[in-house]
Participant: 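Below you will find the structure I want to go over with you.
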Amino acid sequence: QVQLVESGGGLVQPGGSLRLDCVASGRIFSTSAMGWYRQAPGMERKLIARIYGGGSKDYAESVKDRFTIYRDSAKNTVSLQMNSLKPEDTAVYYCNSHPAILKGNRTYWGQGTQVTVSS
């Protein structure tokens with residue numbers, strides 16, 4: 001079964017931290033890379049962090065040095081530690097493979113988890 005379940009979002013003040021977690025089905029996790037995406041209101045969904053099967057990582061310029069992606073292959077989970085959060089980080093966050101998994105002829109996405117950074 002194809003499944004993605006994100007958790008860990010919430011409301012935090014600027015400068016605060018959150019950890020997001022994602023449980024993925026084995027079919028999705030078997031892809032060579034897993035990533036975290038985010039979508040702000042009125043904006044396109046964007047890949048912000050990625051971890052490859054061999055353990056290497058890359059990040060969007062907007063989050064590098066603040067966010068860290070990691071995974072637990074035995075549990076089919078991928079997490080995102082977010083530090084020094086800014087109001088610009090406010091978005092719905094999604095996990096998925098990269099490229100994103102297909103279900104039928106459409107890209108499959110979970111419900112996502114809302115992150116709001118505000119004072």
Side-chain angles (χ1 to χ4, degrees):
Q1 181 178 347
V2 176
Q3 185 174 354
L4 292 163
V5 182
E6 300 95 343
S7 63
L11 174 64
V12 297
Q13 294 184 334
S17 298
L18 284 173
R19 191 189 79 187
L20 307 182
D21 296 306
C22 170
V23 180
S25 65
R27 176 183 171 186
I28 297 174
F29 207 86
S30 66
T31 305
S32 62
M34 292 291 297
W36 279 95
Y37 304 71
R38 70 184 182 188
Q39 186 171 29
M43 305 294 290
E44 296 291 324
R45 201 186 319 254
K46 181 180 179 181
L47 177 71
I48 59 168
R50 176 169 54 188
I51 183 167
Y52 295 88
S56 61
K57 307 168 183 180
D58 54 28
Y59 301 91
E61 289 294 320
S62 57
V63 307
K64 68 176 183 179
D65 301 322
R66 298 189 297 119
F67 292 9
T68 303
I69 187 171
Y70 57 99
R71 68 185 180 191
D72 185 337
S73 297
K75 298 180 179 180
N76 285 353
T77 60
V78 59
S79 300
L80 185 70
Q81 178 66 48
M82 306 186 296
N83 298 325
S84 302
L85 284 162
K86 305 175 180 179
E88 307 93 272
D89 297 318
T90 296
V92 179
Y93 285 70
Y94 303 86
C95 68
N96 213 326
S97 58
H98 184 75
I101 195 71
L102 298 177
K103 189 174 184 179
N105 294 322
R106 300 182 60 179
T107 304
Y108 177 80
W109 298 97
Q111 291 293 104
T113 186
Q114 176 72 49
V115 172
T116 302
V117 185
S118 176
S119 60

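Note that the numbering runs from 1 along the sequence shown for the chain.
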Participant: Please list, chain by chain and in numerical order, all residues satisfying ring pair (Phe, Tyr, Trp, His ring centres under 6.0 Å) with Tyr37, sequence neighbours excluded.
Facilitator: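 Trp109.
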Participant: Under the side-chain hydrogen bond (donor to acceptor under 3.5 Å, both in side chains) rule, collect the residues that match up with Lys64, sequence neighbours excluded.
Facilitator: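 Here the qualifying residues are Glu61.
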Participant: Is there a path from Leu85 to Tyr94 through hydrophobic residues (I, L, V, M, F, W, Y) whose side chains come within less than 4.5 Å of each other?
Facilitator: no
Participant: Partners of Asp21 by side-chain hydrogen bond (donor to acceptor under 3.5 Å, both in side chains), sequence neighbours excluded?
Facilitator: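 Checked Asp21 against side-chain hydrogen bond (donor to acceptor under 3.5 Å, both in side chains); matches are Arg19, Ser79.
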Participant: Return yes if some donor-acceptor pair links the side-chain N/O of Thr90 with the main-chain N/O of Val117 below 3.5 Å, else return no.
Facilitator: yes
Participant: Search all heavy atoms of Val63 against all heavy atoms of Ile48 and return the closest pair with its distance.
Facilitator: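 Residues Val63 and Ile48, closest heavy atoms: CG2-O, 3.4 Å.
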Participant: Measuring from Leu47:CG to Trp36:CH2, what's the distance to the nearest 0.5 Å?
Facilitator: 12.0 Å
Participant: As an exercise, state the distance from CE of Met34 to CD1 of Ile101, rounded to the nearest 0.5 Å.
Facilitator: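 These two atoms lie 9.0 Å from each other.
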Participant: Below 4.5 Å, heavy atoms only, C-beta onward: do Lys57 and Thr68 meet side chain to side chain?
Facilitator: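 They are in contact (side-chain heavy atoms under 4.5 Å apart), so the answer is yes.
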Participant: Taking the side chain as everything from C-beta on, heavy atoms only, tell me whether Arg66 gets closer than 4.5 Å to Asp89.
Facilitator: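 Yes. Closest side-chain heavy atoms under 4.5 Å.
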Participant: Kindly compute the distance separating CD1 (Ile51) from OH (Tyr59), expressed to the nearest 0.5 Å.
Facilitator: 7.5 Å
Participant: Sequence neighbours excluded and cut-off under 3.5 Å, please list the side-chain donor-acceptor pairs for residues 3-13, or say none.
Facilitator:
residue : atom : partner : partner atom : Å
Glu6    : OE1  : Gly112  : N            : 3.0
Glu6    : OE2  : Cys95   : N            : 3.0

Participant: I'd like to check the side-chain hydrogen bond (donor to acceptor under 3.5 Å, both in side chains) partners of Gln114; sequence neighbours left out, ordered by chain and number.
Facilitator: Thr116
Participant: Would Val92 and Phe67 show up in the same hydrophobic cluster when neighbours are defined by side-chain heavy atoms closer than 4.5 Å?
Facilitator: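 No, Val92 and Phe67 fall in different hydrophobic clusters.
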Participant: If you round to the nearest 0.5 Å, how far is SG of Cys22 from CG of Asn76?
Facilitator: 9.5 Å
Participant: Is it true that Val115 and Val23 fall in one hydrophobic cluster, defined by side-chain heavy atoms closer than 4.5 Å?
Facilitator: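 Val115 and Val23: separate clusters.
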Participant: Could you measure the distance from the CD atom of Gln39 to the NZ atom of Lys46? Nearest 0.5 Å is fine.
Facilitator: 13.0 Å
Participant: According to side-chain hydrogen bond (donor to acceptor under 3.5 Å, both in side chains), who are the partners of Arg71, at least two apart in sequence or on a separate chain?
Facilitator: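 Arg71 satisfies side-chain hydrogen bond (donor to acceptor under 3.5 Å, both in side chains) with no other residue.
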Participant: For the atom pair CD (Gln111) and OG1 (Thr113), what is the distance rounded to the nearest 0.5 Å?
Facilitator: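 Answer rounded to 0.5 Å: 10.5 Å.
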Participant: Give me the atom names and distance for the closest heavy-atom approach of Ser84 to Ser17.
Facilitator: N-OG, 4.3 Å
Participant: Measure the shortest side-chain to side-chain distance between Asp58 and Tyr52 over non-hydrogen atoms and say whether it is less than 4.5 angstrom.
Facilitator: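 Yes. Closest side-chain heavy atoms under 4.5 Å.
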Participant: On a heavy-atom basis, which atom in Ala40 and which in Ala91 lie closest, and how many Å separate them?
Facilitator: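 What the structure gives for the nearest pair is N-CB, 3.8 Å.
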